[in-house]
Amino acid sequence: MNTLKLTDKFAEALVYATRLHAHQTRKISGVPYVTHLLSVTALVLEAGGTEEEAIAALLHDAIEDQGGSQTREEIRQKFGDAVVAIIDGCTECDIYPKPPWQERKKRYLHNLRHASPSIRRVSLADKLHNARSLVADWRQYGDSIWNEFKAGKEGTLWFYQELLRVYRENGSDLMTEEFARVIEELCQV
Ligand SMILES: Nc1nc2c(ncn2[C@@H]2O[C@H](COP(=O)(O)OP(=O)(O)O)[C@@H](OP(=O)(O)OP(=O)(O)O)[C@H]2O)c(=O)[nH]1
């Protein structure tokens, strides 16, 4: 049985993430962006993740979407180096303009191959929730959803299949196999 007890640091990160992303929404459904952060965090904790991993899950898009290096330093001061290292491992880039889509995705896949177990857990939870969102959004809105993704349907499916290959390189676990089932479903939409 998992006996993890979350501390006030987790509660602080929850409020901080909610405020940081307060004006951001999910691009298909339009719901508050914090829904994604909460789902990813729940997946990390359900998979046996630590409090540091859960805090990193809450803040995994903070550097990329909400302030770059300034936000990184703020997170370092509030939550420490270990949390920042996990977030950096889940961050594609923090510079603007962003490099081309395929270049970013290939670099993400390359870095993931050498990433720590903590980074891999938060990354997998992130991509699992995004893949589930895609299936749910497709059911509601149909093929028009692909217009919202820079690489369209083909490129997006390529990325998810490559991610699955990388997650499986270190063996498999329950979350990886759930990801595989969702990707199979996504490939059939
Ligand atoms: N499925 C889905 N994705 C959405 C939605 N709103 C925002 N996103 C984000 O869109 C990103 C994928 O969009 P793309 O056009 O393919 O790529 P890009 O934003 O990286 O350029 C995902 O980021 P990512 O970099 O792959 O992951 P993340 O770490 O930013 O979450 C995902 O988080 C939504 O409503 N549904």
Side-chain angles (χ1 to χ4, degrees), residues 13 17-18 20-44 49 53-68 71-72 75 83-112 115 118-167 175 178-179 181-183 185-189:
T18 306
L20 266 182
H21 294 271
H23 303 292
Q24 195 179 349
T25 56
R26 295 287 279 170
K27 57 188 176 186
I28 310 290
S29 60
V31 297
Y33 200 80
V34 72
T35 54
H36 172 62
L37 308 175
L38 294 172
S39 297
V40 174
T41 305
L43 286 167
V44 165
E53 291 169 8
I55 292 174
L58 285 169
L59 295 171
H60 79 274
D61 278 330
I63 294 171
E64 195 162 317
D65 295 346
Q66 301 296 332
T71 300
R72 178 185 287 108
I75 294 172
V83 168
V84 170
I86 301 171
I87 299 170
D88 276 343
C90 296
T91 298
E92 271 179 16
C93 81
D94 59 359
I95 50 161
Y96 291 92
K98 286 184 178 184
W101 186 90
Q102 188 147 32
E103 187 185 316
R104 276 189 283 124
K105 302 300 170 187
K106 281 186 171 166
R107 193 178 317 130
Y108 185 90
L109 290 163
H110 173 80
N111 292 341
L112 193 58
S118 292
I119 292 170
R120 293 170 76 94
R121 183 178 283 127
V122 177
S123 164
L124 175 56
D126 174 25
K127 302 313 177 197
L128 171 57
H129 183 254
N130 279 340
R132 281 178 174 169
S133 293
L134 274 170
V135 172
D137 291 339
W138 181 82
R139 286 208 189 98
Q140 195 168 355
Y141 303 106
D143 284 333
S144 65
I145 65 164
W146 300 112
N147 300 330
E148 299 300 326
F149 294 88
K150 291 191 185 74
K153 181 177 181 178
E154 198 187 333
T156 303
L157 291 184
W158 165 82
F159 181 48
Y160 281 106
Q161 282 164 331
E162 289 303 306
L163 282 165
L164 177 59
R165 209 189 307 273
V166 176
Y167 295 133
M175 188 158 41
E178 171 62 8
F179 186 63
R181 282 188 290 274
V182 177
I183 298 314
E185 204 179 350
L186 192 57
C187 288
Q188 284 162 11
V189 305

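Please read all numbers here as calculations on a predicted model, not as lab measurements. Counting starts at 1 for both ligands and their atoms, in listed order.
- Those atoms of ligand 1 with a heavy atom of His36 less than 4.0 angstrom away are 31 (O).
- Within the 4.0 Å heavy-atom cutoff, Tyr33 counts among the residues contacting ligand 1.
- Between Lys105 and ligand 1, an N or O atom pair is found at a separation short of 3.5 Å.
- In terms of polar-atom proximity, defined here as any N/O pair under 3.5 Å, Asp65 makes no such contact with ligand 1.
- The shortest contact between atom 30 (O) of ligand 1 and any protein heavy atom is with Asp61 OD1, 3.1 Å.
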Can you give each donor-acceptor pair under 3.5 Å made by side-chain atoms of residues 142-150, sequence neighbours left out, with the distance rounded to 0.1 Å?
| from | atom 1 | to | atom 2 | distance (Å) |
| --- | --- | --- | --- | --- |
| Asp143 | OD1 | Trp138 | NE1 | 2.9 |
| Ser144 | OG | Tyr141 | O | 3.2 |
| Asn147 | ND2 | Ser144 | O | 3.4 |

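- With a 4.0 Å cut-off on non-hydrogen atoms, Thr156 does not touch ligand 1 at all.
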Could you tabulate the donor-acceptor pairs under 3.5 Å formed by side-chain atoms of residues 156-165, not counting sequence neighbours?
| from | atom 1 | to | atom 2 | distance (Å) |
| --- | --- | --- | --- | --- |
| Thr156 | OG1 | Gly152 | O | 2.6 |
| Glu162 | OE2 | Arg165 | NH2 | 2.8 |

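- Every atom of ligand 1 with a heavy atom of His60 under 4.0 Å away is listed here by number and element: 29 (O), 31 (O).
- In plain terms, the two heavy atoms of Asp65 and Tyr33 that are nearest each other are OD2-OH, 4.0 Å.
- Considering both main-chain and side-chain atoms, Lys27 comes within under 3.5 Å of ligand 1 through a nitrogen or oxygen pair.
- Contact of the Cys90 side chain with the Asp126 side chain is not registered, since no non-hydrogen atoms from C-beta on lie closer than 4.5 Å.
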